[in-house]
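Here the structure is laid out as C-alpha cells; the discussion comes afterwards.
What you see is a predicted model, and the numbers here were worked out from it, not measured in a lab.
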Amino acid sequence: MIKGVIEGSFHITGGDFTNAGIASSEVKSILTGLGISSDIVRRAAIATFEAEMNVIIHAVAGVMHYYVSSERIRVVINDMGAGIPDIEQAMQEGFSTAPDWVREMGWGAGMGLPNIKKNSDVFRLESAVGEGTTLEIILNLREEDLHEAE
C-alpha cells in the first residue's frame with residue numbers, strides 16, 4: 001500500500017535523443033516497484049514517454065514531475081519551448097510540427113498528444129506561444145490497482 005505521496009522529477013533536455021525514454025522508464029520502474037497493476041503502469045509509461053518525447057522534439061528543455069498516492073498518479077510536464085499555437089489542431093491524430101530530420105529518425109508522427117490523452121483519466125494542456133507548455137496527466141487508482149510489491 002502506498003503511504004503518503006511519493007514524488008520526484010526529471011530534467012529533460014531538448015534534442016537529447018540519446019537519453020530519450022529514461023524519465024518514462026524510471027517512472028515505470030517506480031510504479032512497478034510500488035505494486036501498481038500492470039495495466040495502469042502500461043498506460044502511465046505510454047503517456048509519460050510521449051510527453052518526454054514531445055519535450056525532446058519541440059523544446060529547449062523541460063521538467064517532468066510525478067506524484068504517486070494511493071488514489072492517483074499525477075504527472076506534470078513543464079517545458080521551455082515554442083508553445084502550441086493551436087491546441088485543437090495539435091490534438092488531431094497525425095498532425096505534427098516536427099521537423100523533417102526528426103521524422104526521418106522515426107519520430108514526430110503526430111500521435112503524441114492523442115496517445116497521452118487516450119491513456120490518461122485527466123488530461124490538461126496549457127500553452128503560451130513563445131513561452132512553453134504545461135501538461136498535466138492524471139491516472140486514477142482504485143484499490144484493485146494496488147498490490148503489495150514483491
Please test T97 against H58 for side chain to side chain contact (heavy atoms under 4.5 Å, CB included), starting from the C-alpha separation and ending with a verdict. CA-CA 8 Å; T97 58; H58 298 287; 3.3 Å; yes

How far apart are the C-alpha atoms of E7 and H65, what are their side-chain angles, what is the distance that settles it, and do they pass the side chain to side chain contact (heavy atoms under 4.5 Å, CB included) test? CA-CA 7 Å; E7 61 183 281; H65 301 275; over 6 Å; no

Determine, step by step, whether K118 and E93 satisfy the salt bridge (charged side-chain N to carboxylate O under 4.0 Å, His left out) criterion, reporting the C-alpha distance in whole Å, the side-chain angles of both residues, the deciding distance to 0.1 Å, and the verdict. CA-CA 11 Å; K118 192 179 303 179; E93 291 186 6; 3.6 Å; yes

Starting from the C-alpha separation in whole Å, work towards a yes-or-no answer on side chain to side chain contact (heavy atoms under 4.5 Å, CB included) for I73 and L31. CA-CA 9 Å; I73 300 162; L31 298 177; 3.8 Å; yes

Between V63 and V55, does a side chain to side chain contact (heavy atoms under 4.5 Å, CB included) hold up when you go through it step by step? CA-CA 9 Å; V63 179; V55 173; over 6 Å; no

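Summarising the geometry of A98 relative to I57, their closest heavy-atom pair is CB-CG2, 4.0 Å, with the distance given to 0.1 Å. In plain terms, the two heavy atoms of P85 and V129 that are nearest each other are CA-CG2, 3.6 Å. Of all the heavy atoms in M111 and G94, the pair that sits closest is SD-N, 3.8 Å. Nearest heavy atom pair, residue S69 against residue L141, reads O-CD1, 3.3 Å. The two atoms that bring I116 and A51 nearest to each other are CD1-N, 3.6 Å, heavy atoms only. Minimum heavy-atom separation, L146 to S70: CD1-O, 3.5 Å.
With hydrogens and angles disregarded, a donor-acceptor distance shorter than 3.5 Å links the side chain of R103 to the backbone of S96. D121 places a side-chain N or O within donor-acceptor distance of the main-chain N or O of N140, the cut-off being under 3.5 Å. Of the possible polar contacts, one joining the E52 side chain to the I22 backbone as a donor-acceptor pair under 3.5 Å is found.
Following chains of ILVMFWY side-chain contacts shorter than 4.5 Å, one cannot reach I46 starting from M64, and the two form parts of different hydrophobic clusters. There is no path of hydrophobic side-chain contacts, each under 4.5 Å, that joins Y67 to V41. Linking Ile, Leu, Val, Met, Phe, Trp and Tyr whenever their side-chain heavy atoms come within less than 4.5 Å puts I87 and M53 in one cluster. Hydrophobic clustering of Ile, Leu, Val, Met, Phe, Trp and Tyr side chains at less than 4.5 Å, counting indirect connections, unites F123 with L139. Residues L34 and V27 share a hydrophobic cluster, clusters being chains of Ile/Leu/Val/Met/Phe/Trp/Tyr side chains in contact below 4.5 Å.
Residue pairs meeting the ring pair (Phe, Tyr, Trp, His ring centres under 6.0 Å) criterion with at least one member in residues 37-56, sequence neighbours excluded: F49-W107. Note on residues 14-41: pairs passing salt bridge (charged side-chain N to carboxylate O under 4.0 Å, His left out), not counting sequence neighbours, are D39-R42.
The number of heavy atoms from other shown groups lying within 6.0 Å of CD (E143) does not exceed 12.
Checking T133 against S127 by side-chain atom types alone, a donor-acceptor pair falls below 3.5 Å. No donor-acceptor contact under 3.5 angstrom links the side chains of E126 and T134, judged on distance only.
For the pair I137/L135, a side-chain contact is recorded, criterion being any heavy-atom separation below 4.5 Å from C-beta on. Taking the side chain as every heavy atom from C-beta outward, F17 and V102 approach each other to under 4.5 Å.
Residue Y66 holds its OH atom at 8.0 Å from CD1 of I6, rounded to the nearest 0.5 Å.
A side-chain contact (heavy atoms from CB on, under 4.5 Å) with E136 is found for one member of I77, V75, V76, N78 and no other, namely V76.
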